Amino acid sequence: MFTWIKRFTVVVLLLLLIGTAGIYGALALSLPALDGKGSAVGIDAPVVLARDALGQAVVSASSRADAAYGLGFAHGQDRYFQMDLLRRNAAGELSELFGAAAIKRDEKMRFHQFRKRARQIVMSLPQSHKQILTRYTQGVNDGRIQSGFTSFEYLLLGAEPQAWRPEDSLLTIFGMYLDLQAGTYERDEALIVLEQKFGHEMLDFILQPSRYQAALDNSVIDSAVATIPTLPQPLSTYLPSAIADQPLYGSNNWAVTGALTKTGAAMLSDDMHLGLNVPSIWYRAQLNYQHQGQAVQVTGISLPGAPAIVVGSNNSIAWGFTNSYVDMADWVALAADTKTQLISEVIKLPDGSEHIYQLEMSAFGPVKQIGDDKYALSWVAHQPYAVNLELVGMELLADAAAAATHAVKVGIPVQNLMVVDKKGAAAWTLMGAVPARKITHDTAAAMRSYEQAWQENEVNRPVVQNPSNGKLWTANSRVVSVEDDQRFGDGGYALGARAVQIRDGLMAKQAFTENDFYQLQLDNQALFLAPWHESLVDLLRHHEPSQYQQDLAKLDAWQACACADSVGYTLVKYYRSALIDTLYAPIEAGLQQEQLSLKPVKRYLEPGLWQLLTHQPDDWLGQYDSWQDLQLAAYELAKQRLRDAYGSNMAAWRWGEVNALRVQHPFSQQIPMLSGLLDMPTVPAFGDTFMPAVQVSAFGASQRFIAQPGHLKNAILTVAGGQSGHPLSPFYRSGFAEYSAGSNTPLLPQPLTHEIRISPQ
């Protein structure tokens, strides 16, 4: 019997080894070549694609169009499946890969008809941009097929990759609209229902301005304290449910003029906050080409799928972005007799069958039922000026003033552009598509107030250049003046605590180096949570200190930072969240009846939260006898959530464990056994929200960039992941260790180790 067991065990092990060898063999066959020579139809002169030890792509070409071919070739080799997901997600075509499980998501995307819009925009592009797009598309497809073997993602899905098309590059930009601006119209949708169910008084209470304000002109929106609204009774029927945090797709950036650096060049810092996945959203690249007889070199990060350097430097200027969160969308309340039409959107499935989605359209935009009424979405992403290739023009500019002027031409989701130059100048302005309509709305707009200026791009933008203190900053909260805020509106601004901390960090010094900027990027001081820490300690000490002796010891040792070994930080963080869930439970329940949530407006709740704790109205108590009882119940709820997730041992509640960074591949999220092969190493937490060092479990600074034009040898570019999407590539995890450790990697390529030369055919 034991002999048979041994034989069976040996056979199983052999089969596992053979299976593993087969998997690795298939993976190895799909590895792209890093060295060699080839030829291509359509390029004008030889294109060289080199790589350094990080896998950074260095493209050398005779023209910008041929450089686009080289960048496309690199993207196609290293990131094609990621690019495929980006275009399919924006177009609502994931079901063709993943089946019926993706239909609901595809319907949500088809609401915007982005593929149709992308095709129309491609036809209207100037010839020079069409040429760049055509060469880039050719490079992508040549790079994808170079390995000669289908990549592992398509093998697992049993699907064949489809060729890249010029319109697909615009779809990747539309995908960024979905990431960066969908929260704006979701915010307004929640506010429409909030007002319907709870009245205008509740709307004013939720939207009252925060004390955390850091506009560049130091202006303050200071309205009267809102009246605390009466809540519906009885509250005891509403149990707290966790109101999720909406990721604040945004970023930090700041700059100082040359008066505050040793070199006399201005200096820029930029770290963009996005979802963190494998592979990283960004791809390091340097483009070298000729323009009108002059050599151009631009280094930075690109978005796989698009032919531009998104953030970087040409050694004359350096630029970076944060999401502006000005108001770029309105829901238009439709009258009962408004004419609409139904459009059939065909969603394909892997077996060749089709699902038909009926989209209702109006003259104002696509239509959705919200509550009992119909509303049309008017969104800048639906306008023909939403997307173009004008970002490429940044590569040729010589100073910050020229970049600020160019900003109005660029078709991207509107950003806070921060730009500096080697002469010492620094500037901020709004870059991207901005509708020229003059009135913005927090809730629905009436049909009679709809402005035809939605169809026009706004050319008059606020600009701040070379301020007297030499310092500029943005962090997704209000940047503009109070007057400009009335003009451009609030599209979901951040609370402002992060911007205040950055501004104050800049004000504390009068001279800066790259290392100073990097330390500010990594600042995890818990200044925002300090009042909450004080409030929680006071609550526990005035109850029965002996009952909370261990808790108070952890709170006393909380270190006032989002530090990995701090249990006290975790307790404060979870207490605030549980208190929000407890107090706002009736409102959340009302929104959930309409399949909505307070999630898109959760960042607005801080002023009202403190107002409730200060005035302690009886009608907000619900089942509790006193406000102390309510707060203690919220604290116990916080602890119960921690016990459920991490066990009863309080030592396991260290912030580093609770908020550990887990950067995963989409496949390992569905098939955990692939985690060891596909995911980045799990890293103890080093940051949180409401502070410059933004980091939650799968969200945070997607890159860290610091540069002084003219002095790029000291410039920093650290990315939250490797260059390649192939798990056997030497570049799959390159740079992640430095990112997670808070160290850095250089912007400029290091010695080149690989080279592919492609000649005209």
Side-chain angles (χ1 to χ4, degrees), residues 85-121 167-168 170-193 246 249 327-334 338-349 354-387 411 413 433 435 441 443-445 447 450 454-455 491-492 591 594-597 599-600:
L85 292 186
L86 288 173
R87 67 174 173 178
R88 286 180 180 275
N89 179 62
E93 297 168 355
L94 288 172
S95 298
E96 194 171 7
L97 274 183
F98 299 106
I103 285 177
K104 288 298 181 185
R105 183 168 184 85
D106 279 351
E107 288 183 344
K108 187 176 180 181
M109 298 300 108
R110 291 295 179 99
F111 185 75
H112 304 293
Q113 295 186 302
F114 280 143
R115 182 168 290 283
K116 173 184 174 182
R117 300 181 195 281
R119 286 172 178 160
Q120 293 171 340
I121 291 172
E167 70 206 51
D168 294 333
L170 303 192
L171 282 170
T172 64
I173 303 174
F174 278 125
M176 296 307 295
Y177 269 98
L178 291 166
D179 279 348
L180 300 176
Q181 290 187 7
T184 295
Y185 61 78
E186 290 170 354
R187 163 195 180 270
D188 290 2
E189 187 178 359
L191 292 176
I192 289 169
V193 175
Q246 187 168 48
Y249 295 103
D327 190 359
M328 295 290 100
D330 285 328
W331 289 101
V332 180
L334 301 181
T338 303
K339 291 183 179 180
T340 63
Q341 60 176 321
L342 290 178
I343 297 174
S344 295
E345 289 284 328
V346 179
I347 298 174
K348 296 180 180 180
L349 295 166
E354 297 177 344
H355 170 80
I356 306 300
Y357 167 58
Q358 296 292 338
L359 171 64
E360 188 174 5
M361 288 291 295
S362 74
F364 309 100
V367 178
K368 181 177 182 179
Q369 187 90 16
I370 303 176
D372 297 328
D373 301 311
K374 287 184 177 181
Y375 298 82
L377 179 61
S378 189
W379 182 22
V380 70
H382 297 163
Q383 307 304 327
Y385 56 83
V387 173
H441 304 269
T443 55
M447 288 173 57
Y450 181 81
W454 266 105
Q455 279 73 55
L591 292 178
E594 305 296 334
Q595 288 74 53
L596 297 172
S597 171
K599 175 182 174 181

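The first residue in the sequence is number 1, and the count goes up from there. Since this is a predicted model, take the numbers as computed values, not measurements.
Note that the NZ atom of K104 and the CD1 atom of I347 stand 9.5 Å from one another [nearest 0.5 Å]. From F114, atom CZ reaches atom CD1 of I121 across 9.5 Å, with rounding to the nearest 0.5 Å. For the atom pair NZ (K368) and CG (D373), the distance works out to 14.0 Å, reported to the nearest 0.5 Å. Here L349 contributes atom CG and I103 contributes atom CD1; the two are 5.0 Å apart, rounded to the nearest 0.5 Å. Once rounded to the nearest 0.5 Å, the distance linking OG1 of T184 with CG of D330 reads 10.5 Å. Here CD of Q455 is found 7.0 Å from OG of S378. Values are rounded to the nearest 0.5 Å.
Pairing each heavy atom of A329 with each of L377, the nearest pair is CB-CD1, 4.2 Å. Closest approach of A444 and I192 over heavy atoms only: N-CG1, 3.7 Å.
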Could you please spell out the steps behind the side-chain contact (heavy atoms from CB on, under 4.5 Å) verdict for H441 and D188?
-> CA-CA 8 Å; H441 304 269; D188 290 2; 5.8 Å; no
Would V380 and Y385 count as a side-chain contact (heavy atoms from CB on, under 4.5 Å) if you check the C-alpha gap in whole Å, the side-chain angles of each, and the deciding distance to 0.1 Å?
-> CA-CA 8 Å; V380 70; Y385 56 83; 3.6 Å; yes
For the pair E167 and R119, evaluate salt bridge (Lys or Arg N to Asp or Glu O under 4.0 Å) and give the outcome as yes or no after the intermediate values.
-> CA-CA 5 Å; E167 70 206 51; R119 286 172 178 160; 3.0 Å; yes
Check step by step if side-chain contact (heavy atoms from CB on, under 4.5 Å) holds for T443 and Y375.
-> CA-CA 11 Å; T443 55; Y375 298 82; over 6 Å; no
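A donor-acceptor pair under 3.5 Å is formed between the side chain of Y177 and the backbone N or O of A386. Under a 3.5 Å cut-off, the side chain of W331 and the backbone N or O of Y185 do form a donor-acceptor pair. Checking side-chain atoms of R110 against main-chain N and O of G92 turns up a donor-acceptor pair under 3.5 Å. Of the possible donor and acceptor atoms, one in the side chain of R117 sits under 3.5 Å from a partner among the backbone N and O of H382. Between the D106 side chain and the L94 main chain, a donor and an acceptor come within less than 3.5 Å of each other.
Counting only N and O atoms by type, the side chains of E360 and Q369 include no donor and acceptor under 3.5 Å apart.
Counting heavy atoms from C-beta outward, L178 and H112 have side chains that approach closer than 4.5 Å. R115 is listed as a side-chain neighbour of L171, based on a closest heavy-atom distance under 4.5 Å. With contacts defined as side-chain heavy-atom distances shorter than 4.5 Å, the pair M447/F364 qualifies. Looking only at side-chain heavy atoms (C-beta outward), K339 and S362 stay at 4.5 Å or farther from each other. Counting heavy atoms from C-beta on, the side chains of E186 and K599 never come closer than 4.5 Å. You'll find the side chain of Q246 stays beyond 4.5 Å of the side chain of R187, heavy atoms only. Side-chain atoms of I356 and V346, non-hydrogen and from C-beta on, do get closer than 4.5 Å to each other. Considering only heavy atoms from C-beta on, P435 comes within 4.5 Å of M328 through its side chain.
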